[in-house]
Structure formats: structure tokens, C-alpha cells
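Chain letters run A, B, ... following the sequence lines, proteins first and then strands; every chain starts at 1.
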Number of protein chains: 2
Amino acid sequence: MTEFAVHHVPTRRRAGRPPQALLSSARITKAALKLVSHHGYKGLTMAALAKSLNVAPSALYNHVSSKQDVLLLVEDHLMGRVEVCAFATEPWDAAVAKWARSYRDVFAAHLPLIPVIALLPVTNAPATVTMYEAVTQGFLAAGWARESIIDAVVALESFIYGSAYDVNAPEDIFDVGSLASEAPDFSAAVAHRGNPDAAAAIPRNDADAAFTLGLQAMIAGLAATAGPRK
Amino acid sequence: MTEFAVHHVPTRRRAGRPPQALLSSARITKAALKLVSHHGYKGLTMAALAKSLNVAPSALYNHVSSKQDVLLLVEDHLMGRVEVCAFATEPWDAAVAKWARSYRDVFAAHLPLIPVIALLPVTNAPATVTMYEAVTQGFLAAGWARESIIDAVVALESFIYGSAYDVNAPEDIFDVGSLASEAPDFSAAVAHRGNPDAAAAIPRNDADAAFTLGLQAMIAGLAATAGPRK
DNA sequence: ACCTGAACACCGTTCAAGT
DNA sequence: ACCTGAACACCGTTCAAGT
């Protein structure tokens, strides 16, 4: 050992230049979205996610603390696709309708995220907060009282989440099968859903019809009971 | 070996007397409910369910085809706890409100069943069909057109499912944390939710407030747009 | 027909060890 | 700080074998 060797500085990075990590929140989010779009949420496992990033599964835990964390990253990314632009240009009721429909459409394709949105704090979800800010401003601009806005938004969101499930319901969800005789009125209502005369079988999107009906009802009802004083 | 032994009839059951099985749908449902009430849905595993019935896990598959099947059994049992009696005695809007609130309360305590209700056909769910029959009769008695009833019920259910999630949301779900400066209007709306003056901090159930607001709005809106002609 | 025991093909997560 | 490899403690489900 020479004295020189003692003073030898081993492979050392220049100050202010952190090591180039293989992973990052952005790369994880992107890989997760790609995995989901190709194989659905059943294909989104920590092992598959790691593989798609050419990394060991345990490496993911240096950047997220759990799979829930990955889902939150994906959720926040998708929240950026919810349309809030109408709140700046259109009347309140039209803007709410546009926002609600795009919100439903985005998460109808990502059902497993609904418990995540509905139950996880918005802290560390910047795009989600941005969405809420735009919505709140739209309500304020329409003359809503500050103290009523969150309740109204939560009520609308509840309807939106439930409607996102309904988009994915099978066509025959209300087929009573052998129980028909015990539920004649319900069976008839199901058979005649949307068309007064049984003969005409018009092609129809049942989920859209229910969503439009409920959305119009809630918007009208909110405007009448909690909206701005005329 | 004697001739007698050859003719010996081994333990044989009398005709028309099926063997007394250890398991049945009713026993499985009951055990599952008990497991959930004590340990939550994370405690409802096929292994735990089998153990509580003193049976091997594989034995369950002689009576249900999957865990989804167990969840459907539990769901249908719980649907019997949803109150439909008001449809026979009270005016339509009051009856709907009572039904919706009990529906929300039942499944707020059973969130993992919501995807099951929302996505699985009602075939083989007799209590669920019975519930729908009573609701349909209530709508018919109030003068609703047959072709609009299912859409209205689906819209109400969507709101109910989303509201069940909201009951379980943490108090701080809208805490923006360090993002407050980027969402001033939203932050203020959250801070003043329910109370006009910031000083008074009245105890308040936020989920109930949003549910009541949304339910009143939707009921009023439905009555105005799709209800019976006056 | 109904149940057991063993096995299968997965999960998410942890942790000592390396750089 | 970040990654690997191996292990852990589970899951739901299947299936040959028994009665």
C-alpha cells in the first residue's frame, strides 16, 4: 500500500450530478399505462411492471412504497384527461355536463382506479388538484356559494363513479332468468326499457341513456336547490 | 371369503335420502358474513372460509364455482336488508329517499361487493330480484311510464354506489397539502365546506351532507323530467 | 355426490448483499 | 442512492384419490 493509494479517490461523481437512476415516477407511470392498455388491470402486476422496465421487482420499491402508490400515479395521470375547459367558456350546466361525461368516460376504462380516487387523499396528486381547482372556479364564476361547492362536486362525482361501473355492465345484467314469474313488473320494465312499444327494437346504449337521464336530473336539481340565487 | 360376504351390501343409503352434506349455500353465506363482520373483506379468503366451516378449501368448490360466487351469495343476502317497504306506504319521493339511504348504508359497510352488484347479472340472485320488483311496483304506482323506470333506477343506483364509497373516504381526502398555493379557490372551498363563516367549526358529517344534497337534487330532477305527467 | 390432501401458478413485499 | 437475487407469506384453484 503506498501513501498514494490511501489518498486515492474511488469512482466518484461530480458534485450536483446525481446518479442516473434507471427508474422514475414518470417512467413507472408510463409503463403501467402501457401494460394496462395491452393486458388490462389483471396484467398490471409488480412483476410485469418491473419486467417491462428491465428491472427486478424489488427495484420498484425504491420509487413507490406499494402497488397502491403505482395506482395513484396512474390515476393522477388520467385525471389530466378529464375535460375542464368548458368551465371557462360555457354556461355552468353545459360545462358540468361536459366535465361529468369526460370524467365518466376516462374512468369507465379504468374501473379498478375508482376505489383509489374515491378513498385516497389528493395530496401528491397534482393533476387531480388542478382538475378540482378548475371545477371550483367554474362553480364560483356561476355564482355558487363557497360553502356548497364541495358537497355538490362530491355528489356529482358519486354519480360519475357509479355510472363508470354501469358502462361496463353486461347487456344481460337485468335478465331475471327463471325468476321472471316472481317479478313480473320488473321483468316487463326491463323488456320495455327505452321503447314504449315492444315491437320496435331500436338499437340503444342503455348505460348512456341512464347516465344522460341522471345527469340532467342532478344538474337541474342542484341548480334549483343549491345553486346561485337568481 | 364366504358367499355371504360377496352379497354383503356396504353402508348404503335408503333411496330418496341424499347424503347429509357438510356444506350448503346457506351455511357458506352465513360463515362468509361472520368472517367479514369480524375481520373485514381482507379476512374473507377461501382458506379462512373453509376453516371456519371445518372443511378443506377444495370442498367449497363443490358448492360454488369461484370466490366471485361466494361474493354473489353474500351480496344477495344483504340485498334483503335494503328497505323497500316505504314504496307501499309513502309518496314516491319519500319512498325513493328511504330506499336509497338504506341501500347506501348497507353497502357502505360492504364496499368490495359494489363491483359485484354493478357488473354481475341478477340471475341466481333472488333477493336482488325481489328488491327490484318492489321498487318497480313503487314507480308504477306513482304513475311512471314503464319504459323509463329502469333508466331512472340505474341512475339512482349509480349515485348510491358512488356515495357508498364516499362514506368510507377519510376526513382529509381533500387536504391539498403543499399544493395549496396552486389551488387557492379549491382550498378555500374545502376549508369552508358546510359553514359560511370560518370561525364556527360545527361538527358535520360531510358524506351525509353530500348524499342528502345529491339525492334531493336527483329525485327532484327525475320527477320533473321523467316522472309521471301531472 | 361430496370431501381430503397435495400441488400449481401465481401474488405483493422484504431484506441482505452488492455498486 | 439504487439495484439484484432470494426468500417469505400468502392467494385462488385444480385434481387424483378416497368414501
(Q) Can you measure A:Leu44 atom CG to C:dC10 atom P for me and round it to whole angstrom units? (A) 16 Å
Q | The single option from A:Val70, A:Val55, A:Val64 passing side-chain contact (heavy atoms from CB on, under 4.5 Å) against A:Leu49 | A | A:Val70
(Q) Quick one, A:Tyr161 with A:Tyr165, criterion ring-ring contact (aromatic ring centres under 6.0 Å, His included). Give me CA distance, side-chain angles, the key distance, then yes/no. (A) CA-CA 7 Å; A:Tyr161 300 151; A:Tyr165 279 110; 8.9 Å; no
Q) Looking across every strand, which nucleic acid part, if any, lies under 4.0 Å from B:Thr45 by heavy atom: base, sugar-phosphate, or nothing? A) sugar-phosphate
(Q) Can you tell me which residue among A:Thr45, A:Leu53, A:Val74, A:Leu44 is in a side-chain contact (heavy atoms from CB on, under 4.5 Å) with A:Leu35? (A) A:Leu44
Q: Examine the base of D:dG5 for any acceptor or donor lying under 3.5 Å from a partner atom in the side chain of A:Ser58, and report the outcome as yes or no.
A: yes
(Q) Any carboxylate oxygen within less than 4.0 angstrom of a Lys/Arg side-chain nitrogen, looking at A:Asp206 and A:Arg204? (A) yes
Q. To the nearest angstrom, how far is B:Leu22 atom CG from D:dT19 atom P?
A. 16 Å
Q: Please determine which of B:Ile219, B:Thr212, B:Leu213 meets the side-chain contact (heavy atoms from CB on, under 4.5 Å) test together with B:Leu215.
A: B:Ile219
Q. Between B:Lys51 (NZ) and C:dC3 (C1'), how many Å, whole number?
A. 18 Å
Q: Measure from CE on B:Met46 to C1' on C:dC8 and round the result to the nearest Å.
A: 16 Å
Q. To the nearest angstrom, how far is A:Asp69 atom CG from C:dT13 atom C1'?
A. 13 Å
**Q.** Distance under 6.0 Å and angle within 45° of ring axis: B:Arg104 vs B:Phe211
**A.** yes
Q) So which one's nearest nucleotide on DNA chain C is more toward 5', A:Pro57 or B:Asn54? A) B:Asn54
(Q) In this structure, how many angstroms lie between the P atom of D:dG12 and the NZ atom of B:Lys67, rounded? (A) 4 Å
Q | Listed nucleotide nearest any side-chain atom of B:Leu23, set D:dT13, C:dC3, D:dT4 | A | C:dC3
Q: Could you state the atom-to-atom distance from CG of A:Asn62 to P of C:dT14 in whole Å?
A: 12 Å
Q) Could you spell out the base pairing of DNA chain C in dot-bracket, with Watson-Crick or G-U pairs whose two distances are under 3.5 Å, [ ] crossing and | to another strand? A) ||.|||||...|||||.||
Q: Specify the separation, in whole Å, of atom OH of B:Tyr61 and atom P of D:dA17.
A: 22 Å
Q.
Atom CG of residue position A:Asn124 - does it have more than 12 heavy atoms of other residues, nucleotides or ligands inside 6.0 Å?
A. no
Q) When you check the phosphate oxygens OP1 and OP2 of C:dA1, does a side-chain N or O of B:His63 lie under 4.0 Å from one of them? A) no
